[in-house]
Chemist: 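This is the structure I want to talk about, given as structure tokens.
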Amino acid sequence: MPEGHTLHRLARELVATFGGQVVRSSSPQGRFESASGLDGRELVDATAHGKHLFVSFADLAEQVHVHLGLYGALTFVPEANVEVVGQVRWRLSTAAATADLRGPTACELLNPGEVAAIYARLGQDPLDPGADPSVVADRISRSKSPIATLLMDQRVIAGVGNVYRAEVLFRQGLDPLTAGTDLESGSVDRIWADLVELMEVGVDRGRIDTVRPEHEPSAMGRAPRVDDHGGEVYVYRRTGQPCLVCGTAIRTSSLGARNLFWCPRCQRRR
DNA sequence: TAAGTATGTTAAG
DNA sequence: TTAACCTACTTAC
């Protein structure tokens, strides 16, 4: 679930569900000690940058910082008095709704300086309308690291995870191991534009769909297929299966302890 | 019941 | 580069 689009969607849902309302706040699991200090306060706003979520309350300078990590989740139920199931780090609720946070890497109350420090170390977010893609292009064009590594580096681009990385490289026809310095001019701009498009779709749908209409399995005479992660993709976790465009078996390897997926025929070094 | 897996990040070696 | 961490779910034994 948690690449950048997920956090932006959750920020939107938090505002829609609790914005401007006095909320109950608790930590059923007990591991978010600041939760009780937020009880009875008005939730003012929730924003996301990259994979980080920030929640603010009336008359409180500190903000709650949430990072979902690999398997954290924030789920909403349109009811009050919901039974606690499993490990719930933070629960927000009103008479009309309950939100439960499970398994986050981070759930902490941060002062303005600490929040600023997180923003300072993050790169441009494709989902931020004010983002400056030229900063990203400069940085990538000067790096010898593989484009696959650079795309996942949150200091360069904030919010891209393993699925968007694999999919945008396929859509751009790029070999994942191409060095940043070897990318032809304009490549990074096309990657950025594609990420903006794909991630905006991700926020709207709550899933990662990257397959163009002409390559949909249904359009190719095959049955529709949706991966466990909940979207329709070209290469992510499709190891050994035929490429939706050329039929070549999708390959996988490990790069920096993360799984890499690509089509050896459609994705060439240039 | 245990092991393995996952869309992530940090700190230790 | 490796291990550790946070949780739920699937698969193996």
Side-chain angles (χ1 to χ4, degrees), chain A residues 1-11 27-35 48-54 64-75 77 83-91 99-108 110 114 117-123 125-127 145-146 148-171 176 195 198-211 226-240 250 252-262:
Chain A
M1 294 282 280
E3 293 197 22
H5 70 299
T6 301
L7 284 300
H8 282 262
R9 184 179 173 89
L10 290 173
S27 180
Q29 176 196 54
R31 293 189 50 185
F32 179 33
E33 294 184 4
S34 303
H49 192 70
K51 299 168 188 169
H52 299 255
L53 175 67
F54 300 93
V64 177
H65 167 234
V66 173
H67 192 295
L68 295 178
L70 192 52
Y71 42 70
L74 179 60
T75 55
V77 180
E83 183 188 355
V84 173
V85 177
Q87 301 290 306
V88 177
R89 182 79 58 88
W90 187 26
R91 166 170 284 190
D100 283 340
L101 175 67
R102 292 183 177 80
T105 287
C107 176
E108 56 195 354
L110 299 184
E114 293 169 320
I118 290 176
Y119 273 85
R121 71 167 194 250
L122 293 173
D125 182 346
L127 290 170
S145 297
T149 300
L150 292 165
L151 286 175
M152 294 264 292
D153 186 340
Q154 302 300 299
R155 297 169 298 183
V156 179
I157 300 184
V160 171
N162 211 9
V163 183
Y164 282 122
R165 160 173 87 171
E167 295 300 305
V168 78
L169 287 174
F170 176 88
R171 285 169 56 103
L195 284 172
L198 290 175
M199 293 177 77
E200 284 179 350
V201 169
V203 176
D204 287 341
R205 299 187 189 171
R207 48 182 259 182
I208 299 178
D209 287 318
T210 63
V211 179
V226 172
D227 185 85
D228 289 343
H229 78 275
E232 188 116 42
V233 295
Y234 282 108
V235 293
Y236 176 70
R237 242 158 61 177
R238 292 194 65 241
T239 311
I250 299 305
T252 187
S253 74
S254 202
L255 179 67
R258 301 304 300 275
N259 294 322
L260 192 57
F261 304 90
W262 78 101

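Just so it is clear: chains get the letters A, B, ... in the order the sequence lines come, proteins before strands, and each one is counted from 1. This one's a predicted model, so the numbers in the text were calculated from it and none came from an experiment.
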Chemist: Distance check, P atoms only: B:dG13 and C:dC5, in whole angstrom units.
Modeler: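 Taking atom P in both B:dG13 and C:dC5, they lie 13 Å apart.
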Chemist: What residues, two or more places apart in sequence or in another chain, satisfy side-chain contact (heavy atoms from CB on, under 4.5 Å) together with A:P146?
Modeler: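 If we apply the side-chain contact (heavy atoms from CB on, under 4.5 Å) test to A:P146, skipping adjacent residues, the hits are A:T149, A:L177.
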Chemist: Indicate the ring-plane relationship of A:F54 and A:H65, choosing parallel, tilted or perpendicular according to the 30° and 60° boundaries.
Modeler: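 Parallel.
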Chemist: Listed by chain and number, what are the salt bridge (charged side-chain N to carboxylate O under 4.0 Å, His left out) partners of A:R89, not counting sequence neighbours?
Modeler: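 Salt bridge (charged side-chain N to carboxylate O under 4.0 Å, His left out) list for A:R89, sorted by chain: empty.
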Chemist: What is the separation between atom CD1 on A:I157 and atom P on B:dT9, rounded to the nearest whole Å?
Modeler: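 Those two atoms, CD1 and P, are 13 Å apart.
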Chemist: Show, in sequence, the C-alpha distance, side-chain angles and deciding distance for A:L255 and A:M152, and conclude whether the side chain to side chain contact (heavy atoms under 4.5 Å, CB included) test is met.
Modeler: CA-CA 11 Å; A:L255 179 67; A:M152 294 264 292; over 6 Å; no
Chemist: Among C:dT7, B:dT10, B:dT7, find the nucleotide with the atom closest to the side chain of A:V163.
Modeler: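 It is B:dT7.
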Chemist: Nearest-Å distance, NE2 (A:H67) to P (B:dA6)?
Modeler: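 About 18 Å, once rounded to whole Å.
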Chemist: Starting from P on B:dT9, measure out to NE2 on A:H52 and report it in whole angstrom.
Modeler: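 A:H52 atom NE2 is separated from B:dT9 atom P by 6 Å.
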Chemist: With a 4.0 Å limit, can you tell me whether A:K51 has a side-chain N or O closer than that to the phosphate oxygens OP1/OP2 of B:dT7?
Modeler: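 It does not, given that no N or O in the side chain of A:K51 lies less than 4.0 Å from OP1 or OP2 of B:dT7.
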Chemist: Should A:N162 be listed as having a side-chain N or O under 4.0 Å from OP1 or OP2 of B:dA6?
Modeler: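 For B:dA6, neither OP1 nor OP2 has a side-chain N or O of A:N162 closer than 4.0 Å.
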Chemist: Output the rounded distance in Å from CZ (A:R237) to P (B:dT7).
Modeler: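 Whole-Å distance recorded here is 7 Å.
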Chemist: What's the CG-C1' distance between A:L68 and B:dT9, to the nearest Å?
Modeler: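 One finds 12 Å between C1' of B:dT9 and CG of A:L68, rounded.
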Chemist: Can you find a pair of side-chain heavy atoms, one from A:C107 and one from A:L101, that are under 4.5 Å apart?
Modeler: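 They are in side-chain contact.
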Chemist: Would you classify A:R165 as touching base, sugar-phosphate or nothing, given that sugar-phosphate means primed atoms plus P, OP1 and OP2, and contacts are heavy atoms under 4.0 Å?
Modeler: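 Touches nothing.
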Chemist: Sequence neighbours excluded, which residues qualify as side-chain hydrogen bond (donor to acceptor under 3.5 Å, both in side chains) partners of A:H49?
Modeler: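 Scan of A:H49 (side-chain hydrogen bond (donor to acceptor under 3.5 Å, both in side chains), adjacent residues dropped) gives none.
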Chemist: What is the separation between atom CG on A:D100 and atom C1' on C:dA8, rounded to the nearest whole Å?
Modeler: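 Those two atoms, CG and C1', are 14 Å apart.
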Chemist: Looking at B:dT7, I'd like to know if its phosphate oxygens (OP1 or OP2) sit under 4.0 Å from a side-chain N or O belonging to A:Y164.
Modeler: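 So the side chain of A:Y164 is outside the cut-off, no N or O lying under 4.0 Å from OP1 or OP2 of B:dT7.
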Chemist: Determine the Euclidean distance between corresponding C1' atoms of C:dT1 and B:dT7; express it in Å to zero decimal places.
Modeler: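 To the nearest whole Å, 22 Å.
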Chemist: Verify the contact: side-chain N or O of A:R155 to OP1 or OP2 of B:dT9, cut-off strictly under 4.0 Å; return yes or no.
Modeler: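 The answer is no; no side-chain N or O of A:R155 sits under 4.0 Å from OP1 or OP2.
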Chemist: What nucleotide among B:dT10, B:dT7, C:dA8 has an atom nearest to a side-chain atom of A:Q87?
Modeler: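 The listed nucleotide nearest to A:Q87's side chain is C:dA8.
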Chemist: Using whole Å, report how far CG of A:L74 lies from P of C:dA8.
Modeler: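 Rounded to whole Å, this separation is 14 Å.
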Chemist: Let me know the distance between CZ of A:R89 and P of C:dC5, rounded to the nearest Å.
Modeler: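 So the two atoms are 13 Å apart, to the nearest Å.
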Chemist: Sort by first number and list every stem of DNA chain B: at least 3 consecutive Watson-Crick or G-U wobble pairs, both distances under 3.5 Å.
Modeler: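 B:1-6 with C:7-12, B:8-12 with C:1-5 - these are the stems of 3 or more pairs that involve DNA chain B.
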Chemist: Does anything in residues 154-168 of chain A pair up under salt bridge (charged side-chain N to carboxylate O under 4.0 Å, His left out), and if so which pairs, sequence neighbours excluded?
Modeler: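 Those involving residues 154-168 of chain A are A:D153-A:R155.
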Chemist: According to side-chain contact (heavy atoms from CB on, under 4.5 Å), who are the partners of A:Q87, at least two apart in sequence or on a separate chain?
Modeler: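 So A:Q87 forms a side-chain contact (heavy atoms from CB on, under 4.5 Å) with A:Q29.
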Chemist: With rounding to whole Å, what would you report as the distance between B:dT5 and C:dC13 at their P atoms?
Modeler: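 It works out to 12 Å between them.
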Chemist: What nucleic acid atoms does A:G86 come within less than 4.0 Å of, heavy atoms only: base, sugar-phosphate, or nothing?
Modeler: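 Counting heavy atoms under 4.0 Å across all strands, the contact made by A:G86 is with sugar-phosphate only.
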